[in-house]
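I have placed the structure first, in the form of structure tokens, so that the comments after it can refer back to it.
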Amino acid sequence: QVQLVESGGGVVQAGDSLRLSCAVSGRTISNCAMGWFRQAPGKEREVVAAISRSAINTAYTDSVKGRFTISRSNAKNTVYLQMNSLKPEDTAVYYCAAYVTDSLQRAPTGAVGYDYWGQGTQVTVAS
């Protein structure tokens with residue numbers, strides 16, 4: 001059984017930083033692109049960042065470019081999201097997801113196609 005477990009969320013002040021982790025068990029992430037998504041109350045789930053299998057390619061939604069960094073450790077079967085300069089509009093439940101693919105370069109930014117999802121971790125940014 002494949003499990004993705006997010007951690008690192010919490011309540012912070014605007015301008016603070018958080019580092020989210022997503023530990024995967026049940027399969028290796030070395031043949032998966034990985035993504036972070038978020039969903040705020042009353043809004044649709046949106047991609048935050050994605051990283052290819054090889055980590056050569058990353059993609060970010062415009063609102064987080066320059067503030068968030070996605071990374072991965074295939075050795076630890078874990079993906080990370082470093083979030084700096086947090087804003088109240090970053091408040092959401094953050095989910096990680098795994099996309100099984102043969103491509104070493106693809107960093108999918110659409111939720112459709114991701115094969116496995118975590119349960120999410122809440123990030124709340126107070127103004």
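For reference, positions follow the sequence shown, starting with 1.
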Show the numbers, then the answer: is there a side-chain contact (heavy atoms from CB on, under 4.5 Å) between R72 and I29?
CA-CA 9 Å; R72 63 189 294 156; I29 66 169; 3.7 Å; yes
Looking at every heavy atom in both P88 and A14, which two are closest together, and how far apart are they?
CD-CB, 4.2 Å
Spacing of T28 atom OG1 and R53 atom CZ [to the nearest 0.5 Å]
9.0 Å
Roughly how far, to the nearest 0.5 Å, is the CG atom of N77 from the OG atom of S25?
8.0 Å
Aromatic ring pairing W117/F37, orientation class (parallel under 30°, perpendicular over 60°, tilted between)
tilted
Under 3.5 Å, side chain of N57 to main-chain N/O of Q105, donor-acceptor pair present?
yes
Are any non-hydrogen side-chain atoms of V79 and W36 less than 4.5 angstrom apart?
yes
Nearest atoms (heavy-atom pairs only) where V12 meets S17
CG1-O, 4.5 Å
Can a donor-acceptor pair be found, under 3.5 Å and without considering hydrogens, that links the side chain of S73 to the backbone of T78?
no
Should the pair R19 and Y80 be classed as cation-pi, given the thresholds of under 6.0 Å to the six-membered ring centre and 45° from the axis?
yes
Just how far is it from atom OH of Y116 to atom CD of Q3, taken to the nearest 0.5 Å?
12.5 Å
Minimum heavy-atom separation for A40 and A92, please, with both atom names.
N-CB, 3.8 Å
Could you tell me whether D90 and K87 have a side-chain N and a carboxylate O separated by less than 4.0 Å?
no
As a quick check of understanding, evaluate side-chain contact (heavy atoms from CB on, under 4.5 Å) for Y60 and T109, giving each step before the final call.
CA-CA 8 Å; Y60 298 90; T109 55; over 6 Å; no
Examine the side chains of Y99 and R106 and answer whether a donor and an acceptor come within less than 3.5 Å of each other.
yes
Ignoring hydrogens and geometry, is there a side-chain-to-backbone donor-acceptor pair from S54 to L104 under 3.5 Å?
yes
Distance in Å, Q39 CD paired with E46 CD, rounded so as to fall on 0.5 Å steps
9.5 Å
Heavy-atom side-chain contact between C32 and R27 under 4.5 Å
yes
OG on S71 to CE on M34, rounded to 0.5 Å
11.0 Å
Heavy atoms of A97 and Y114 approach each other most closely as CB-CD2, 3.3 Å
Would you say the side chains of S103 and T101 form a donor-acceptor pair under 3.5 Å?
no
Is there a side-chain contact (heavy atoms from CB on, under 4.5 Å) between F68 and L86? Walk through the geometry before answering.
CA-CA 9 Å; F68 290 12; L86 282 161; 3.8 Å; yes
Do you know which two heavy atoms are closest between E6 and Y95, and how far apart they sit?
OE2-CA, 3.3 Å
Apply side-chain contact (heavy atoms from CB on, under 4.5 Å) to residues Y94 and M83 and explain how you reach the verdict.
CA-CA 12 Å; Y94 283 71; M83 306 187 295; 3.9 Å; yes
Single hit among L81, L20, I70 for side chain to side chain contact (heavy atoms under 4.5 Å, CB included) with V48
L81
Is D115 reaching over with its side chain to a backbone N or O of V100, donor-acceptor style, under 3.5 angstrom?
yes
Between N74 and S30, does any side-chain donor sit less than 3.5 Å from a side-chain acceptor?
no
When rounded to the nearest 0.5 Å, the distance separating CG of L18 from CG of N84 is 9.5 Å
For E89 and T91, test the side chains for any donor-to-acceptor distance below 3.5 angstrom and give the result as yes or no.
no
